[in-house]
Amino acid sequence: MRTIENLKSSKSKLLAIIASLALGATALLVPQAASAATVLKVATSAAVTTWDPFQSFSTEAFYMTNIYEPLLWKNADGDTPEYSPGIASSWSSSADGKTWTFKIRSGATFHDGTVVDAAAVKASLEQSKANGGAGFIWDPVKTFAAPSADTLVMNLSYAAPMDLIASSTYGAWIVSPKALAAVLKDAKYFESGVDGGTGPYAIQSYKAGSEVVLATYAKYWGAKPAYGIVDTLITSDGITAQQMMTSGQVDWATNIPLTSIPTLKKNSKYLVKVYKSPFNYVGYFNTLRAPLNNPAVRKALSMAIPYADIVSIGGQGFGTQARGPVPAGIYPYSSTTPQYKKALATAKTLLARAGVKDLHIKITYASENSAEARFVPLIQSSFASIGVTADVQAILFNQQWSAAKKDPANAQDLFIVKYWPTYSDAGVDNLYSLFHSSAKPFFNLSYWKNTQYDSLIDDAIVLSGSDKAGAQKLYSQAMQILYDQAPGVYLYDEAQVSVVPKKLSIPKYNINYPFSAFFAGIKAN
Amino acid sequence: MDTKAMKIKVAKLSWLVANPYAIVASSILTIFLACAAFSSWLAPYPKEGAGAPNVAHTLIGPSRLHLLGTDELGRDLLSRIIFGARPALLTSLTVVGTAALVGTLLGLIAGFRGGLIDAAVMRLSELFLSFPPLLLSLVAVSLLGPGLRNALIALIVSWWPWYARLIRNESRSIKSQPFVEIAQAMGVSSWKIMTRHLLRNITSSLIVQIAADLGTVILAAGSLAFIGLGAQPPSSDWGLMVAQGRTVIFDQWWISTFAGLAIFIVVLAFNLLGDELRDYLDPRKRAK
């Protein structure tokens, strides 16, 4: 008996040990596997200039698209249908394009638990229109109305593409009424890293300038994201971000330098994907100052630009020569808009005919832009070969911009800028903002005034809400004037290059949300 | 040549021969000065050295045609480094020269006059000295905006207090020497006492400090250019070249490496020379 008891005791001890070992192993393995599967670590250069969804007008859009939702989402280039439902489940417009009706989704709630209804949406959009950083996008709207809990009506003063405007990456987020009341009391309410969105993620923690942690919102109306936590490390330096990704410190880096792409292409762990982007490089000639007030001189300089070298060196081959200031892939881009070609002999002849000798000009560019730092010396060198001496000044963009706005007569002669539209309509934005005349210069930094161009753009903007094809014709005529008069030089459309780790499945780049990553769609392969 | 002059010359020569570090430093700095003065003749591709791109030859590694390789714009790196000697030297001389001039003048006045002027100058210099020099330069450039001119101003702002403090302390101790008191009693003007009696006796300390600072300023200006606040493209600044090469360092190592080596060698040469000069100008060490 003793022996049997001993045996039983030994057996039970053995079983207990095996069970504890198994439990220990499970305890050790399961949570690690779970956490490895649910935490996504990302390195990004996207800084947060504000957490206020009404004021947001910069790189924080990277996070905003995961925290907030607009009425509609505009799908990626080439996808059908053109729009997907957001907070609105369906939408329609009247025959004259002046009344738009949006049905508000049922079952959606804000992160603070408040139910999303038409009144909340109306209040949010009214605040955006009145005080938002990109509030001007709602200019066509005369009134917002909420005739029932699930219906929002926009009454417009002129026909406008409200589906496009309502899906903007800036100024169109739907914000909780509680957060709206809080920010009206305290303008800095959002800045500690609180949110009032409805999106799949909410802000869990924020360390200014270094880390943003997002956690899934349990009551999100849509599909549950694969990653419960997204830990984003703000890493402005691309080389550091690259090292973090290749060493496994992060799963994905969104700001890999273009110069590193050839190396990463050879690495079997990564896929390099190239997309059209809304980014376009333009140079403004100072049309107020002689001899640049002469279109022939501007044409001559446009013919002295080494376009192919600029794409090859500045864009590292990831881009195409621009056709005017509208980037390829964004309305109203036209593949028939003519382009200048580098023709130094013709440029010299044009300058001689215009009586220009020993021309000295000042070029400014944004010192923080590495592509501009690479290609501006190419322009300087090419100008030198037609007898034009260019002094190049690299200054911070904000200083460059302030100087250009302050005193146009004594400002730069050629201002290089990287520009992109606020939402995916480069007629309302690029063509208007960059070259439509204005009493005081804002982004019209060529200071150019052309009444024919102005009226074509004004008419096209009004027409684009009801007759997009008709508006396109007017825009094309306007772009022809930009080519003929050359108030600017149209350099190149930058491509978006994404380096995707093969261990992840990442949604394709969406040109309509150029600074964003949609974390909810990321899965482990 | 008289015997005394001959003896001094021999003594100087024997000191130089006995100090190989001084020979190495002097040789490096002679090459550096030659590069600065005759860059257009010494550089194998002078146009590229001055900044002209050559897009057909981008990012070529060291070879017979391009001994140190080429950069992102296809420019010969050896030519760029030779052309970079002039801005490095000019930056260093401008900053150290101006800082030494301002600092010496203020330090002399403070040390000789004492009282309220001394207190005011010293408190002001202590205010500047309470910040690390590079941090102070960073703040100044951030306010003024990036660029070589603003970087020079920023470096002068952070460098002059060191000279003011050194000269003030030295002149305070010399001021109490009998020969100064006699000169004052004889009615020699204050300006003459400051320049003929005080400054002359401080010169060796000043020279040692200047020699040491020439290298340090090259390093500081390079650091500012590296972080984008100093010289701007297409300038042939060594710090800027290190920064530009950094973005391609995994594949094209030669850009940052050789530009960094140029800074390292020149700064080392200035430091060695400073050390040797200190020993030479110190009568106690020279006697040994």
Side-chain angles (χ1 to χ4, degrees), chain A residues 236-243 246 255-267 306-314 316-317 342 363-385 390-400 402-403, chain B residues 45-61 70-76 80 83 138 141-151 224-237 239-256:
Chain A
S236 58
D237 182 64
I239 280 285
T240 308
Q242 181 186 335
Q243 280 177 306
T246 51
N255 55 325
I256 303 288
L258 287 180
T259 44
S260 299
I261 300 299
T263 310
L264 289 169
K265 260 186 178 171
K266 290 177 203 156
N267 190 325
Y307 298 98
D309 292 343
I310 286 175
V311 174
S312 153
I313 306 285
Q316 294 289 297
K342 184 183 169 187
I363 304 177
T364 60
Y365 72 91
S367 56
E368 62 269 41
N369 187 311
S370 56
E372 290 177 17
R374 284 195 294 265
F375 73 68
V376 171
L378 300 174
I379 298 176
Q380 184 186 34
S381 168
S382 194
F383 279 0
S385 61
D391 293 325
V392 172
Q393 281 185 11
I395 39 180
L396 290 172
F397 176 77
N398 281 340
Q399 291 175 2
Q400 181 195 16
S402 298
Chain B
Y45 301 90
K47 280 187 181 172
E48 291 173 22
N54 180 0
V55 289
H57 292 105
T58 56
L59 299 172
I60 296 173
T70 64
D71 67 9
E72 277 183 318
L73 293 175
R75 297 171 297 199
D76 178 66
R80 297 279 291 157
F83 268 73
L138 275 175
V141 177
S142 306
L143 293 172
L144 297 167
L148 184 61
R149 193 194 61 175
N150 291 343
L224 287 177
F226 180 79
I227 56 174
L229 295 175
Q232 296 294 317
S235 161
S236 50
D237 182 278
L240 196 61
M241 283 182 224
V242 175
Q244 286 169 337
R246 194 179 159 277
T247 58
V248 289
I249 196 149
F250 293 129
D251 302 302
Q252 287 86 29
W253 54 269
W254 53 89
I255 305 172
S256 291

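Since we're looking at a predicted model, the values are computed, not measured. Residue numbers start from 1 in every chain, and the chains themselves are labelled A, B, ... in the order their sequence lines are given, proteins ahead of strands.
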- Check the pair Arg246(B) / Asp237(A) against side-chain contact (heavy atoms from CB on, under 4.5 Å), numbers first and verdict last. CA-CA 11 Å; Arg246(B) 194 179 159 277; Asp237(A) 182 64; 2.6 Å; yes
- Query: So what's closer than 4.5 Å to chain B heavy atoms on Ile313(A): side chain, backbone, both or neither?
  - Reply: side chain
- Query: Which bit of Gln393(A) is near chain B, if near means a heavy-atom gap under 4.5 Å: side chain, backbone, both or neither?
  - Reply: neither
- Query: Going from CD on Gln316(A) to OG1 on Thr247(B), what distance comes out if it is rounded to the nearest 0.5 angstrom?
  - Reply: 8.0 Å
- Note on the structure: So, the part of Tyr365(A) with a heavy atom under 4.5 Å from chain B: the answer is side chain
- Minimum heavy-atom separation for Pro377(A) to Pro53(B), with atom names? O-CG, 3.8 Å
